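Indexing begins at 1, ligand by ligand and atom by atom, following the structure's order. Along the sequence shown, residues are numbered consecutively beginning with 1. Please read all numbers here as calculations on a predicted model, not as lab measurements.
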Amino acid sequence: MTKTVMLLNGPNLNLLGKRQPEIYGRETLADVEAMAKKAAAAHGLALRPHQSNAEHQIIDWIHEARETAQAIVINPGAFTHTSIAILDALNAFEGPVLEVHISNVHKRESFRHHSYVSLRADGVIAGFGVQGYVLAIERMATLLKRG
Ligand code: CA2
């Protein structure tokens, strides 16, 4: 059976490539999703991408992943630093979870240094630009082969 990775992007990441290219790069969200799909396909994985600006929608997709996906790659955007509810949803998901940040959050404001999601994530990538999504998919392929 083909394993599915759910790719979740949180608030404002729909603006990728449209504003602040000095922080987030020039690629659009559609470009990122296409890159991640290609990386997944190269490892025989399916990728199901979603983006929302709403916390409840992200939580609902994590619940859906419990039945329909084997792994989650998530950039929770600013919810990273605020959302115990997303942490709780991820704690109810059994497969591997990788957290991605396009920017190096540790080089930025101190409020970005803490991540609730990192309490659950099996790995964290930050500061690799949008290439971080591809690296996360590659790591996920390794984790899914092991499991
Ligand atoms: O570096 C990351 O990927 C972040 O998760 C991005 C979040 C930020 O709140 C986190 O601290 C770090 C913000 C996403 C905003 O995305 C935009 C993209 C283009 C233009 C404007 C915003």
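- Protein heavy atom closest to atom 1 (O) of ligand 1, with residue, atom name and distance, is Ser103 OG, 2.6 Å.
- For Lys18, the closest heavy-atom approach to ligand 1 does not fall below 4.0 Å.
- Those atoms of ligand 1 that come under 4.0 Å of a heavy atom in Ile102, given as number and element, are 1 (O), 2 (C), 3 (O).
- In terms of heavy-atom proximity, Val134 sits nearest to Ala39 at CG1-CB, 4.0 Å.
- Among pairs with a residue in residues 16-51, those fulfilling ring-ring contact (aromatic ring centres under 6.0 Å, His included) read His50-Trp61, at least two apart in sequence or across chains.
- Here Glu33 does not pair with Arg48 in a salt bridge; the nearest charged N to carboxylate O distance is not below 4.0 Å.
- Under the 4.5 Å side-chain heavy-atom criterion for grouping Ile, Leu, Val, Met, Phe, Trp and Tyr, Val100 is connected to Leu143 within one hydrophobic cluster.
- The distance criterion of under 3.5 Å between nitrogen or oxygen atoms is not met by Tyr24 with respect to ligand 1.
- In terms of N/O distances under 3.5 Å, ligand 1 is approached by Asn75.
- When only interatomic distances are considered, the shortest N/O to N/O separation between Thr80 and ligand 1 does not fall below 3.5 Å.
- Using modelled atom types and a 3.5 Å distance limit, the side chains of Tyr133 and Asn9 yield a donor-acceptor pair.
- Looking at atom 4 (C) of ligand 1, its nearest protein heavy atom turns out to be His101 ND1, 3.7 Å.
- Note: Phe79 and His81 fail the aromatic proximity criterion, with ring centroids not under 6.0 Å apart.
- Taking a cut-off of under 4.0 Å to the non-hydrogen atoms of Arg19, the atoms of ligand 1 that pass are 19 (C), 20 (C).
- The cluster map of Ile, Leu, Val, Met, Phe, Trp and Tyr, joined by side-chain heavy atoms under 4.5 Å apart, puts Val73 and Ile125 in different clusters.
- For atom 11 (O) of ligand 1, the closest heavy atom belonging to the protein is His81 NE2, 2.7 Å.
- Of all the heavy atoms in Leu45 and Thr2, the pair that sits closest is C-CG2, 4.2 Å.
- By the 3.5 Å distance cut-off applied to N or O atoms, Arg112 is counted among the residues near ligand 1.
- Less than 4.0 angstrom separates some heavy atom of Gln20 from each of these atoms of ligand 1: 21 (C), 22 (C).
- Ranking the protein heavy atoms by distance from atom 17 (C) of ligand 1 puts Asn12 O, 3.5 Å first.
- Checked against a 3.5 angstrom limit, the closest N/O atoms of Val105 and ligand 1 fall outside it.
- At under 3.5 Å, not a single nitrogen or oxygen of Arg108, backbone or side chain, sits near a nitrogen or oxygen of ligand 1.
- In plain terms, the two heavy atoms of Ile86 and Ile58 that are nearest each other are CD1-CG2, 3.9 Å.
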